[in-house]
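When a residue number appears, it is its place in the shown sequence, counting from 1. Worth knowing before you read on, the calculation uses all heavy atoms, side chains too, and leaves out hydrogens, waters and symmetry mates. On a predicted model such as this, the values are computed, not experimentally measured, just so you know.
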Amino acid sequence: MSQTVENVDDLDDAENPILKASQTFGITPEQYMLPARGEIRMVDPNGCLLAPEDQGTGPGHEYPLPPQDVLLDAYEKLVVGRRVNDQNSALVRQGRMAVYPSSHGQEACQVAAALCLEEGDWLFPTYRDTVAVMTKGVDPMEVMAIFRGEWHSGYDPHEHHVSIQSTPLTTQLLHAVGVAHAAKLRGEDTVVLAMCGDGATSEGDFHEALNFAAVFKLPVVFFVQNNGYAISVPLSQQSAAPTLAHKAVGYGMAGERVDGNDLVALLATLRRAVDLARSESEPLLVEAHTYRMQAHTNADDATRYRDDAEVQEWIKKDPVTRMRAYLSGEGVLDEAAEQRIAARAEEVAATLREGMNAEVEIDPLELFRHVYAEQTPQLAEQERFLADELAREETEK
């Protein structure tokens, strides 16, 4: 942007939320929309709290430290999420799950995404965001049902305000915008947080979702987990933008960058984004720079496109060890709390092992029961045909 907008006469709409929000912070719309001067980071990889001048903030981009009870609760969910990721990877190797896209290394993004929302807000996850779905309150066994091929994702989206995990790339962003639009038309106080990866920003659906949300001033937070690769394609071959957060400006919304392995900064940044979306009824884009430690899925060989030295560098930035060191140094996390949290994580892992090892009773006739609200004659005929076949097989036993 080569020209700074400084007063209402320079804008077409006196009610423009960008102008209103920037005036609230006493900065220009340009300063409000562009990301802060640095990546927002509050705790360094060694677990030390950074001085305010080193946190990457700027005018209108200040972030208060979340309360200690919030941080301890978030750490517990972080540890549980890590244990679930590792347990599910083992279940895949045992043949108990068909596939599992691990978020090992990205759990801080997952936990913060869910905790920044109010009860009535909606979460739209990707296939990799199982920890976020769990953190939003969905039972772990219901979350994992989809990964062993059970029907209808395993949980009721309306009960938890969590959409079904999306495998098609980026389609969930359009659905998220639709829910936000409907909520605004109804006069509901709802914010929608839509999660995606860096690869999704190369899709046409990403453009359509952001453009629609900005034009209609919808309370959506687009949360991009930039883990450096769209499966095997590095970010440098996807985009020439300075950062993915800078893409927001082209749509007329504010963008921000945050250290995706710093749970403290994530909680602060996403909470501010959700509050702004709610109060100003406008979308925002948050980019979190993180890394998936494991392969894209169990079907992927990550060694073909990245080397071990790169992985080792990111292990030093692990969000679990960073948060543990910070809370221990602050005197918030003692040995008793650590043992309690570890026991909780093992309890969830044991539940998954027991549930996934149980044989599922399959009813083939369910194939016909949830296709249409009113079954078509053709489906009814096919269902009768299959029922007859099953009955004959039963009598022949």
Option among Gln110, Gln165, His296 that satisfies the side-chain hydrogen bond (donor to acceptor under 3.5 Å, both in side chains) test with Arg128: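 In the set Gln110, Gln165, His296, the residue that makes a side-chain hydrogen bond (donor to acceptor under 3.5 Å, both in side chains) with Arg128 is His296.
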
Could you point out which residue of Gln225, Gln172, Gln106 forms a side-chain hydrogen bond (donor to acceptor under 3.5 Å, both in side chains) with Asp129?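 One option only clears the test, and that one is Gln225.
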
Under 4.5 Å between side-chain heavy atoms, counting indirect links through other Ile/Leu/Val/Met/Phe/Trp/Tyr residues: same cluster for [X] and [Y] or not?
| X | Y | result |
| --- | --- | --- |
| Phe222 | Met33 | no |
| Leu284 | Leu244 | no |
| Val192 | Leu174 | no |

Gly105 versus Thr290, closest heavy-atom pair with distance: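 Closest approach of Gly105 to Thr290: O-OG1, 3.4 Å.
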
Rest of the hydrophobic cluster containing Trp314 (Ile/Leu/Val/Met/Phe/Trp/Tyr, side-chain heavy atoms under 4.5 Å)?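 Tyr229, Tyr291, Met293, Tyr305, Val311, Ile315, listed by chain and number.
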
N-O pairing of [X] and [Y] below 4.0 Å:
| X | Y | result |
| --- | --- | --- |
| Glu338 | Arg324 | yes |
| Arg41 | Asp54 | no |
| Asp318 | Arg322 | no |

Under 3.5 Å, is there a donor on one side chain and an acceptor on the other for Tyr127 and Thr297?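 Absent: no donor and acceptor within the cut-off.
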
Check for a donor-acceptor pair, side chain of His160 on one end and backbone N or O of Val133 on the other, with a separation under 3.5 Å.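 Checking the backbone N and O of Val133 against the side chain of His160, no donor-acceptor pair under 3.5 Å is found.
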
